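Throughout, numbering of the chain's residues begins at 1 and tracks the sequence. First listed ligand is number 1; within each ligand, the first listed atom is number 1. Model, not experiment: these values are computed from the prediction.
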Amino acid sequence: MSINSFGHLFRVTTWGESHGPALGATVDGCPPGVPVDAAMIQHWLDRRKPGQNKYTTQRREADEVRILSGVFEGQTTGTPVQLMIENTDQRSKDYGDIMDKFRPGHADITYWQKYGIRDYRGGGRSSARETASRVAAGGLAREAIRAIAPDVQITGYMTRMGAHEIDRSRFDWDQIEQNPFWSPDAQTAADWADYLDDLRKSGSSVGAIIEVVARGVPAGLGAPVYGKLDTDLAAAMMSINAVKGVEIGEGMSAAMLTGELNADEIFMGNDGKPSYSSNHAGGILGGISTGQDIVVRFAVKPTSSILKTRKTITKAGAETEIITKGRHDPCVGIRAVPVGEAMMACVLLDHMLLHRGQVGGQIGENRGRIG
Ligand SMILES: Cc1cc2nc3c(=O)[nH]c(=O)nc-3n(C[C@H](O)[C@H](O)[C@H](O)COP(=O)(O)O)c2cc1C
C-alpha cells in the first residue's frame, strides 16, 4: 500500500516523524531538465518555518533542505528526487505527559486504536512537521511549473480567523507578504494581531480559513469523472493536518444561489479566448480547468494543544486530565498557508503532466481555443 504517497505522474511520498532524526519527501516522476537547487526549495520552506514571528510556535527548526538525489549540475535528471530535512529542535521532555494520555483533538487515540503502538513524541507521524516535506515537494513542483507554464502563479492567503473575516473591498495582492498572517487586507491583519495576542495570553486558540488561488492556469487540465481536477485538489487540501472543510469556488454557498446567479455566463474575450462574467465555478467545470483562476478554500480547526486543562483517558482506560504544555501556534491556520500553496502546486503539475501524456502539445499554447 502506498498510502503515504499522492499524485499520479508527479508522485510524492513523504516519510519521517516529528522527533526522528529527519523527515522528507521522495518525488518520483519530476520531468528532467528542470533548473533547481536547494536554495530555490529553501525559499518556500522558510515561509512555513516555525518561530518566524510571535504568532507562530517558538519551536526553533532550521528546516534546512538537502537534495540527496535526482538533481545533477543544477537540473533534475528525471530520476527520483530525494529531499531531506533534519529535525534539530527535538525537546522530547516537552511531550512527556502524552506518553500515556491521549490529547483531545489529536490523532493519539486513533493511531493507538489502529496500530496499538505510536511514536508519542510530538505526535510522531501525525505531527504537522510532516508538512515541511510537502512544502519541499511543492517547491520542486513550482520550479517544474515555471518551466512548463511560466504564467501560472499560486498564492495563498488567510480570509478568516475565528469570527473575524477580511473585507474583500480592501483586497490587495501586495499586502499578503507584508503581514504575519498572509492577509490581503491590511486593516483586518491589524485587528487579527490584537485578537491573537489576547488569545495567546489566555492560553486558547482559534481556527481559520485559507484561500489558495492559481492564476494563469490554462484551460484543459483535469479529466472527466474520476480524474477531476477538483477531486484531486480537494483530497490534497483535506490531507493537510487540521483541515476540516474544503471548497472550490462558491463551495457550500452555491447551495444558497439560484441557477442564474451561479452559472458563470460566457462571452468571447478581446484576446479571442472565452471569458466569463464571474467565477462561481472556481475555475473548474466538469473536473476540467476553464482558464479562469482556480480558487480553493479550506477551513483549519483551532489548535488542539492549548494551555487549558482538558478531560481525557489514559492508554489503560482511566479517566484523567491533561494540559498540553510545549510550544504551539495559537492559530495553526497561519502556517497552513504555504502548505496549501504547496499542495496546489503538486496537484497542478501532476495534471499538467497527465494532460501532456493524454492530449500532447505544449501546455498554455492554443489551449482555450474554441472549436
Ligand atoms: C502547519 C501546521 C502546524 C500545526 N501545529 C500544531 C500545533 O502546534 N499544535 C496542535 O495542537 N496542532 C497543530 N497542528 C494540527 C495537528 O497536527 C492536527 O490537528 C493533528 O495532527 C490531528 O489531525 P487532524 O486535525 O487532521 O484530525 C498543526 C497543523 C498545521 C497545518
Side-chain angles (χ1 to χ4, degrees), residues 3-4 14 16-19 23 44-61 63 85 87 89-91 94-95 97-98 101-115 118-138 156 158 161 180-182 196 199-200 203-210 212 234-246 297-308 310 312 322-344:
I3 49 179
N4 288 286
T14 74
E17 286 89 26
S18 163
H19 283 59
L23 41 71
W44 302 109
L45 271 166
D46 287 348
R47 291 154 55 94
R48 192 215 72 103
K49 201 159 79 172
Q52 294 291 78
N53 54 63
K54 66 176 177 175
Y55 304 104
T56 60
T57 175
Q58 294 307 301
R59 180 173 165 152
R60 294 273 162 217
E61 286 288 0
D63 272 2
I85 301 153
N87 289 321
D89 185 9
Q90 316 155 17
R91 288 194 227 165
D94 278 353
Y95 300 101
D97 200 29
I98 64 171
K101 299 177 183 178
F102 302 122
R103 295 166 301 167
H106 280 274
D108 305 343
I109 190 162
T110 48
Y111 275 40
W112 180 252
Q113 285 171 314
K114 184 174 179 70
Y115 299 111
R118 71 190 171 99
D119 180 347
Y120 51 78
R121 300 166 305 166
R125 179 70 178 157
S126 75
S127 162
R129 266 223 44 76
E130 187 271 345
T131 61
S133 310
R134 300 163 185 245
V135 173
M158 201 185 278
M161 183 189 288
F181 309 109
W182 313 108
L196 209 55
L199 212 66
R200 193 164 46 93
S204 188
S205 65
V206 72
I209 295 182
I210 318 300
V212 183
M237 300 305 172
M238 192 56 112
S239 75
I240 300 171
N241 306 49
V243 172
K244 297 306 274 185
V246 182
R297 215 169 296 109
F298 58 87
V300 178
K301 74 187 192 185
T303 319
S304 304
S305 296
I306 46 177
L307 287 170
K308 310 247 177 205
R310 310 298 316 272
T312 188
I322 190 167
I323 177 159
T324 321
K325 300 199 186 80
R327 298 150 289 167
H328 298 282
D329 296 10
C331 176
V332 293
I334 303 170
R335 290 178 56 228
V337 174
V339 184
E341 291 179 338
M343 296 310 276
M344 173 74 94

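Counting heavy atoms from C-beta outward, R121 and S18 have side chains that stay 4.5 Å or more apart. Contact of the V212 side chain with the F298 side chain is registered, since non-hydrogen atoms from C-beta on lie closer than 4.5 Å.
Considering backbone and side-chain N/O atoms, K244 never comes within less than 3.5 Å of an N/O atom of ligand 1. Not a single N or O atom of T131, backbone or side chain, sits closer than 3.5 Å to an N or O atom of ligand 1. For ligand 1, one of its N or O atoms has an N or O atom of A242 under 3.5 Å away. When only interatomic distances are considered, the shortest N/O to N/O separation between R335 and ligand 1 does not fall below 3.5 Å. Of the N or O atoms in T303, none lie within a sub-3.5 Å distance of an N or O in ligand 1.
The shell of residues lying under 4.0 angstrom from ligand 1, judged by heavy atoms, excludes G123. At a 4.0 Å cut-off, not a single heavy atom of V339 sits close enough to ligand 1 to count as contact. Using a 4.0 angstrom heavy-atom cutoff, S205 does not count as in contact with ligand 1.
Close contacts of ligand 1 with A128, meaning ligand atoms under 4.0 Å from a residue heavy atom, involve 2 (C), 3 (C), 4 (C), 17 (O), 28 (C), 29 (C), 30 (C). In summary, the atoms of ligand 1 found under 4.0 Å from a heavy atom of N241, numbered by their order in the structure, are 17 (O), 21 (O), 26 (O), 29 (C), 31 (C).
Of the residues listed (P180, S205, P330), the one engaging L196 in a side chain to side chain contact (heavy atoms under 4.5 Å, CB included) is P330, and it is the only one.
When every heavy atom of G105 is checked against every heavy atom of K301, the shortest pair comes out as O-NZ, 2.9 Å.
Partners of T131 by side chain to side chain donor-acceptor pair (under 3.5 Å), not counting sequence neighbours, listed by chain and number: R48.
Atom CZ of R125 is surrounded by more than 12 heavy atoms from other residues, nucleotides or ligands within 6.0 Å.
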Assess whether salt bridge (charged side-chain N to carboxylate O under 4.0 Å, His left out) is satisfied between R129 and D63, documenting all intermediate values. CA-CA 10 Å; R129 266 223 44 76; D63 272 2; 3.0 Å; yes
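Contacts of K301 with ligand 1, taken as heavy-atom pairs under 4.0 Å, involve the side chain alone.
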